[in-house]
Q: 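Mind looking over this structure? Questions follow.
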Amino acid sequence: MLRRRLLERADAVGRPSCTMSFPDLRAFLDRLRRDRDLVEVSVPVERSLEAAEIHRRVVAGGGPALLFTNVADADFPVVTNLLGTARRAELAFGERPQRLIRRLVELIDTLMPPTPSRLWAARDVGAELLRIGLRRGLRGPVGEVVTSDVRLDRLPALTTWPEDGGPFITLPAVFTEHPDRPGHNLGMYRLQIHDARTTGMHWQIGKGGGFHYAAAERGGAALPVTVFLGGPPALILAAVAPLPENVPELMLASLIAGERLRLVEGLGPHPVPAGAEFALIGSVPPETRRPEGPFGDHYGYYSLRHDYPVFEVDRIAHRRDAIFPATVVGKPRQEDFFIGDLLQGLLSPLFPVVMPAVEQLWSYGETGYHSLSAAVVKQRYAREAMASAFRILGEGQLSLTKFLLVTDRPVDLRDFPATLEHVLARTNPETDLYVFSNLSMDTLDYTGPAVNHGSKGVWLGLGDPVRELPGAFSAAELPAGIDEVRVFCRGCLVVGGAPAAAEPELPARVASHAAFRHWPLVVLTDDADRAARSAMNFLWTTFTRFEPAADVHAASTRVVRNHLVRTPPIVIDARLPPSFPDELTCRPDVAATVSRRWREYFPGGNVEMGDAERGHLD
């Protein structure tokens, strides 16, 4: 009765309806069809490389979602590019989750101490929260077909780059439960299909599912795992959200959807979203590893071959006419970029709640997110900004951040050139630049001395400006080995020089050369013209290619009170190391095939063929 009355009162005061807009993938596809934002490709297409290159060219052109209905050697159609534009990402999740989160944050400030009038004013939130939760049953579309005749090799999983180790499931919502205590995890971890019944399980460091597996493995037990494919779009966002450990992702999915999440019991050890397209049901045995990779990853390079746990699939549940969802990652911007930025916007109101001295925080998708973040913090006493920096670097997935820019004055963090100029105008590198060695680093970042090992940097730019930044460069001579100089923004130069293997001492020569003494930051790169061409190019070519402890140089360095005092200019060596993984590029014969067949794929001529090699770069 109370729930019904609250819902009626919320509607009476003009609140928008909170019913789930897209209860499953089908509903979302129907909307895209009505909007003419979904195109079916009915001619035969190879799932190895060809489909991925079509997808990338459509993404580069800002084009529609793609439904491939005739995939070679597969029993199901595959849909890609579901969220590959800002419009589709916003459509999938709607404005309701952000409005509710902002309202909850507002109540934290205004509801205490609670009074009858304040509680009454918050009745809209009470009504919305009553809609959130899980609704369990015994039947749902995902259980229309349940079989132990597992044939993962008949799924239309894509091989997306030439050096990939095989086909990968790229949009899996991987569900696990802690073996020793209550709590579940829903994460998105790529799955390489090894054979008809097994996949890799790419649990990187710091991932909730990996923590569950470690606990099971310590006890010598296999960890039950269920993988959901398709279902409400809210599941995708919940699976990739960097929530604190033990915060239930299924509840976040319900909050995003605005309705209780329907689950089916009895298909396996875990409940399964009723509207999912597929559920892969099995376990990951202890002390079992198998080589996984390479895989063309969202950093724009290959992640290499390493040993990972193995997912053994015992049975599959799926709709009779199931549609297999997939995505493709690579150099920015790809589909995951739009998901990541939307997720940041959704969660940004919570940052000051979790970290009260952090007013704004932004991670740059062009760098793979973990490589660079920036923050506006409170500075109420000397060096308080570093307390906020440590707080950020100790928070969940943010702990994998490689480099952090920090200021205490307002700036639009999404405008990277403006943010960098803001920090450079205010910094004293001698006291404001910190490098911390011998730390963990994102598994996919190969700039460190070993996988999962590396360093972090924090650069403060606080208070009022302390310098006028130069905006134009001229010099009578350049140091040997430097062949081009470009201005990226005021205070920052990009210089091109000899490869790292040929000239390892070049950064030191650049830092000590008189031509650069008035520039607080100089980035040494393999191709200065490319790096300086746009903010996206600069971010990607700089921050995915350097490690703070190994690649930050200065005109001079001395130790004061165990702090390394670096005299500007600061030089970042962002040249590719000799052993660095290859940059992702399409195989020439596949590119030629896709170009030749473009009108076969899209006979209506209404889908632009973008430049997938450049993507949104250059």
Side-chain angles (χ1 to χ4, degrees), residues 134 169 171-192 198-228 235-253 268-272 280-290 292-293 295 297-298 303 306-313 340 343 347 350 354-355 363 368-370 391-402 439-445 448 450-454 456:
L134 308 177
I169 300 173
L171 276 180
V174 180
F175 185 91
T176 58
E177 293 178 332
H178 198 286
D180 302 325
R181 60 175 186 267
H184 72 253
N185 175 259
L186 186 71
M188 192 161 286
Y189 317 114
R190 74 187 191 219
L191 307 176
Q192 180 179 349
T198 66
T199 79
M201 183 59 73
H202 195 262
W203 278 321
Q204 302 161 230
I205 60 171
K207 304 299 185 182
F211 294 147
H212 291 177
Y213 177 63
E217 193 171 50
R218 283 194 298 270
L223 181 70
V225 173
T226 304
V227 174
F228 316 142
L235 280 176
I236 296 175
L237 207 61
V240 300
L243 297 179
E245 193 179 357
N246 299 323
V247 173
E249 287 87 357
L250 289 182
M251 292 299 289
L252 175 61
H270 304 130
V272 176
L280 312 183
I281 302 161
S283 62
V284 179
E287 308 299 337
T288 301
R289 302 293 188 273
R290 186 169 172 176
E292 189 264 10
F295 178 70
D297 225 317
H298 70 283
S303 58
H306 305 285
D307 288 345
Y308 276 91
V310 176
F311 177 37
E312 298 178 347
V313 182
L343 185 62
L347 298 180
L350 295 175
V354 178
M355 301 175 284
S363 298
Y369 289 104
H370 287 318
R391 182 69 178 84
I392 292 167
L393 295 178
E395 181 61 39
Q397 293 296 305
L398 288 169
S399 66
L400 297 175
T401 301
K402 180 168 68 176
L439 299 176
S440 60
M441 197 154 68
D442 184 20
T443 302
L444 306 179
D445 189 326
V451 174
N452 296 327
H453 295 269
K456 300 185 186 302

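The first residue of the sequence shown is numbered 1, and numbering continues consecutively from there.
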Q: On a heavy-atom basis, which atom in A215 and which in D180 lie closest, and how many Å separate them?
A: CB-OD2, 4.1 Å
Q: Kindly give the heavy-atom pair with the smallest separation between W203 and P309, and that separation in Å.
A: CE3-CG, 4.2 Å
Q: Using side-chain heavy atoms (C-beta onward) and a distance below 4.5 Å, is L280 in contact with T199?
A: no
Q: Is a side-chain N or O of T288 found less than 3.5 angstrom from the main chain of P286, in a donor-acceptor match?
A: yes
Q: Mind listing the closest non-hydrogen atom pair of L186 and E249 along with its distance?
A: N-OE1, 3.1 Å
Q: Rounded to the nearest 0.5 Å, what's the gap from CD1 on I205 to NE2 on H453? Could you check?
A: 8.0 Å
Q: Please walk me through it: do M201 and V310 pass side-chain contact (heavy atoms from CB on, under 4.5 Å)?
A: CA-CA 6 Å; M201 183 59 73; V310 176; over 6 Å; no
Q: Going from CG on D445 to CG on L400, what distance comes out if it is rounded to the nearest 0.5 angstrom?
A: 10.0 Å
Q: Have N452 and S440 got a donor and an acceptor in their side chains that come within less than 3.5 Å?
A: no
Q: Can you list the residues that meet the salt bridge (Lys or Arg N to Asp or Glu O under 4.0 Å) rule with E217, with sequence neighbours excluded?
A: R289
Q: Apply side-chain contact (heavy atoms from CB on, under 4.5 Å) to L444 and H298, showing your working.
A: CA-CA 9 Å; L444 306 179; H298 70 283; 3.4 Å; yes
Q: Might you point out which heavy atoms bring V272 and F228 nearest each other, and give the distance in Å?
A: CA-CE2, 4.0 Å
Q: Test side-chain contact (heavy atoms from CB on, under 4.5 Å) on V174 and F311 and set out the steps.
A: CA-CA 11 Å; V174 180; F311 177 37; over 6 Å; no
Q: As an exercise, state the distance from CG of L350 to CE of M355, rounded to the nearest 0.5 Å.
A: 9.5 Å
Q: With side chains defined as the heavy atoms from C-beta onward, is the minimum distance between I281 and P269 less than 4.5 Å?
A: yes
Q: Under 3.5 Å, is there a donor-acceptor pair between the side chain of Y213 and the main chain of A222?
A: no
Q: At what distance, to the nearest 0.5 angstrom, does CG of L252 lie from CG of L347?
A: 7.5 Å
Q: I'd like to know whether L134 forms a side-chain contact (heavy atoms from CB on, under 4.5 Å) with M251, so could you lay out the CA-CA distance, the side-chain angles of the two residues, the decisive distance to 0.1 Å, and finally the verdict.
A: CA-CA 7 Å; L134 308 177; M251 292 299 289; 4.2 Å; yes
Q: Please report the closest heavy-atom contact between H184 and L250, naming both atoms and the distance.
A: NE2-N, 3.3 Å
Q: To the nearest 0.5 angstrom, please state how far the CG atom of L393 sits from the CG atom of L439.
A: 9.0 Å
Q: When you measure from the side chain of K402 to the backbone of M441, do you find a donor-acceptor pair of N or O atoms at a distance under 3.5 Å?
A: no
Q: Would you compute the distance between atom NE2 of H212 and atom CG of L223 and round it to the nearest 0.5 angstrom?
A: 8.0 Å
Q: Given E292, which partner from the list Q192, R190, H306 fulfils the side-chain hydrogen bond (donor to acceptor under 3.5 Å, both in side chains) test?
A: R190
Q: Is it true that a side-chain atom of S303 and a backbone atom of F295 form a donor plus acceptor pair closer than 3.5 Å?
A: yes
Q: If I compare all heavy atoms of P224 with all of T176, which pair ends up nearest, and what's the gap?
A: O-CG2, 4.1 Å
